[in-house]
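Structure record follows, encoded as structure tokens.
Worth saying up front: this structure is predicted, and the values here are computed from it rather than measured. The sequence lines fix the lettering, A, B, ..., with proteins before strands; numbering per chain opens at 1.
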Amino acid sequence: MEFARRLLRWHTGVKRPMPWKARTDAYAIWLSEIILQQTRLAQGLPYYERFIHAFPTVHALARADEQAVLRLWQGLGYYTRARNLHETAKYVSERLEGRFPDSYAGLLRLKGIGPYTAAAIASFAYNLPHAVVDGNVFRVLARYTGDATDIATGRGKRHFTELANRLLDKERPAAYNQAIMDFGALVCKPAVPLCDHCPLQADCVAYHTGRIATLPVKSKRTARRLRHFQYLVFRDGNYFFIRKRTGDDIWKGLYEFPCLDTGDALPEHRVRARVRAWIGTPPVLVAGPYRQQLTHQTIVATFWEVAAPPPPELELIKVARRRLDAYPFPKVILNYLARNIL
DNA sequence: AAAGCGGGGCG
DNA sequence: CGCCCAGCTTT
């Protein structure tokens with residue numbers, strides 16, 4: 001219990017402010033946790049404020065249409081989270097009378113809720129003894145125990161989850177979980193940890209064996225794919241033609257201009273020839289190429305204007321310039337609009 | 001078990 | 001430029 005006691009003592013002085021801690025309802029906790037998946041607190045906070053204001057209850061969120069939810073999510077990334085958020089809101093609102101499950105196992109069954117989020121809601125909303133295991137916890141525990149088990153493997157996840165639950169203060173699970181995550185974010189940081197001011201330094205194995213910089217061990221490396229998107233901007237005065245992205249690819253559910261995914265780089269004259277063969281009119285290069293760095297892909301987007309009406313078989317949506325802000329777009333489209341249109 | 005999914009910040 | 005961030009879903 002020494003570990004938990006020191007952590008909680010440290011935490012009394014340096015809590016990070018969490019707006020949703022003012023509310024104890026599972027809805028607010030759940031919303032904040034989904035937003036913060038793989039997302040820094042500073043980046044997620046403004047989104048939480050906008051969501052909780054627009055949808056104060058799970059019923060309000062359930063009544064919204066998906067496009068409005070995605071629009072509010074625009075720019076945050078990992079858009080599957082937004083679609084799952086909406087689906088789960090409808091489920092909880094319509095099937096569970098607005099009440100979230102009050103057990104870890106029950107929470108785990110909901111879409112978009114995995115082991116971390118189930119533990120977070122169980123502890124923060126209901127004070128149940130389930131240890132959260134996120135990036136912070138992996139790092140703190142791997143360093144504290146000097147354990148080089150690969151956190152990217154199932155075995156590593158199981159190992160650190162069991163350890164986390166042994167170390168958990170079962171009398172105060174909510175406070176403990178908040179403390180260890182704040183500790184990972186503020187002291188036991190990834191690149192430049194503050195070991196000189198660390199309350200756990202005396203017992204930290206990695207510190208005493210000089211392995212702070214090499215722990216935790218995370219194997220999977222990121223192979224990054226390079227893709228070239230040619231966006232065709234059909235324009236009729238103040239009207240634009242867009243469509244919704246579908247299929248198993250990035251940005252599902254978001255909108256964009258019709259896109260020629262050429263895969264490899266293509267010389268400008270080849271693009272013009274290809275578009276001309278397709279719709280009879282050569283396009284004019286108007287912007288780009290813009291690079292958009294995703295975690296596993298690099299998108300190079302070039303924008304072409306076409307002085308002809310779009311082929312009907314594309315089934316594009318005709319939208320007035322002033323109405324574009326009702327649609328969710330990926331960042332690269334927003335950049336184009338901001339620099340060239342709006 | 002491994003792959004895929006955004007965008008931003010930091011050293 | 002590479003790694004990381006209050007991870008989850010699909011294959």
Side-chain angles (χ1 to χ4, degrees), chain A residues 16 18-21 28-48 70 73-85 87-88 107-125 130-140 150-158 160-161 164 174 177-186 188-193 213-214 216-225 227 245 247-254 291-299 328-335:
Chain A
R16 288 188 293 177
M18 307 286 168
W20 50 89
K21 298 301 180 191
I29 305 292
W30 165 72
L31 176 60
S32 71
E33 293 299 341
I34 302 298
I35 287 174
L36 289 174
Q37 286 167 3
Q38 289 291 282
T39 304
R40 293 169 187 282
L41 189 61
Q43 187 187 2
L45 273 184
Y47 284 84
Y48 171 79
L70 279 168
W73 198 272
Q74 175 179 278
L76 195 55
Y78 284 153
Y79 298 92
T80 298
R81 290 184 294 168
R83 296 197 307 274
N84 284 339
L85 181 85
E87 190 174 331
T88 292
L107 289 162
L108 202 51
R109 288 189 212 107
L110 300 179
K111 272 208 173 179
I113 295 184
Y116 163 79
T117 306
I121 300 173
S123 63
F124 293 144
H130 295 274
V132 294
V133 183
D134 72 335
N136 291 305
V137 175
F138 277 123
R139 190 169 57 253
V140 171
D150 187 350
I151 65 171
T153 65
R155 194 175 135 270
K157 287 182 173 66
R158 277 194 301 279
F160 285 109
T161 299
N177 277 339
Q178 191 58 55
I180 192 170
M181 287 196 288
D182 279 352
F183 180 74
L186 299 175
C188 199
K189 299 191 286 186
V192 192
T214 62
V217 172
K218 188 176 182 181
S219 62
K220 286 171 190 158
R221 49 188 167 282
T222 56
R224 190 171 282 144
R225 188 154 64 117
R227 303 172 74 181
R245 278 187 75 94
D248 289 329
D249 202 350
I250 56 173
W251 301 328
K252 185 160 64 172
L254 274 60
R291 296 177 75 85
Q292 168 77 18
Q293 198 67 252
L294 310 185
T295 301
H296 297 101
Q297 300 185 28
T298 300
I299 307 296
F329 294 102
K331 200 69 181 171
V332 69
I333 300 286
L334 290 174
N335 286 342

So, using side chain to side chain contact (heavy atoms under 4.5 Å, CB included) as the criterion, who are the partners of A/Gln37 when residues are at least two apart?
A/Ile34, A/Arg81, A/Thr117

Suppose we screen for side chain to side chain contact (heavy atoms under 4.5 Å, CB included). Which residues come up paired with A/Tyr48, at least two apart in sequence or across chains?
A/Pro19, A/Trp20, A/Arg23, A/Ala28, A/Leu31, A/Ser32, A/Ile35, A/Ile52

For DNA chain C, whose closest nucleotide is more 5', that of A/Gly112 or that of A/Gly184?
A/Gly184

Strictly distance-based, threshold 3.5 Å: is any side-chain N or O of A/Ser219 a donor or acceptor partner for the main-chain N or O of A/Ala152?
no

For A/Lys189, give me all partners under side chain to side chain contact (heavy atoms under 4.5 Å, CB included), at least two apart in sequence or on another chain.
A/Leu194

Write down the distance separating the P atoms in C/dC3 and B/dA3, rounded off to the nearest Å.
16 Å

Distance-only, no hydrogens or angles: does the A/Gln74 side chain make a donor-acceptor pair with backbone N or O of A/Phe329 under 3.5 Å?
yes

Classify every nucleotide of nucleotides 1-11 of chain B by which part a protein heavy atom approaches to under 4.0 Å, writing B for the base, S for the sugar-phosphate alone and - for neither, in 5'-to-3' order.
S---BBBBB-S

Taking side-chain hydrogen bond (donor to acceptor under 3.5 Å, both in side chains) as the definition, give me every residue that meets it alongside A/Asn84, ordered by chain and number, with sequence neighbours left out.
none

For A/Ala120 and A/Leu110, find the nucleotide of DNA chain C closest to each by heavy atoms; which residue's nucleotide sits nearer the 5' end?
A/Ala120

For a 4.0 angstrom threshold against heavy atoms of chain A, report the outermost contacting nucleotides of DNA chain C in 5' to 3' order.
C/dG2 to C/dT9

How far does the P atom of C/dA6 sit from the matching atom of B/dC5, given to the nearest Å?
23 Å

Please name all residues satisfying side-chain hydrogen bond (donor to acceptor under 3.5 Å, both in side chains) with A/Arg227, sequence neighbours left out, ordered by chain then number.
A/Asp249, A/Asp261, A/Gln297

Sorted by chain and number, sequence neighbours left out, side chain to side chain contact (heavy atoms under 4.5 Å, CB included) with A/Arg291 holds for A/Thr298, A/Val300

Using the P atom in both, what is the distance from B/dG8 to C/dC8, to the nearest Å?
22 Å

May I ask you to say what A/Asn177 touches in the nucleic acid, namely base, sugar-phosphate or nothing, with a heavy-atom cut-off under 4.0 Å?
nothing

Sorted by chain and number, sequence neighbours left out, ring-ring contact (aromatic ring centres under 6.0 Å, His included) with A/Phe160 holds for A/Phe138

Using a heavy-atom cut-off of under 4.0 Å over every strand shown, decide if A/Gln74 touches base, sugar-phosphate, or nothing.
nothing

Which is true for A/Arg83 with a 4.0 Å heavy-atom rule: it touches a base, it touches only sugar-phosphate, or it touches nothing?
nothing

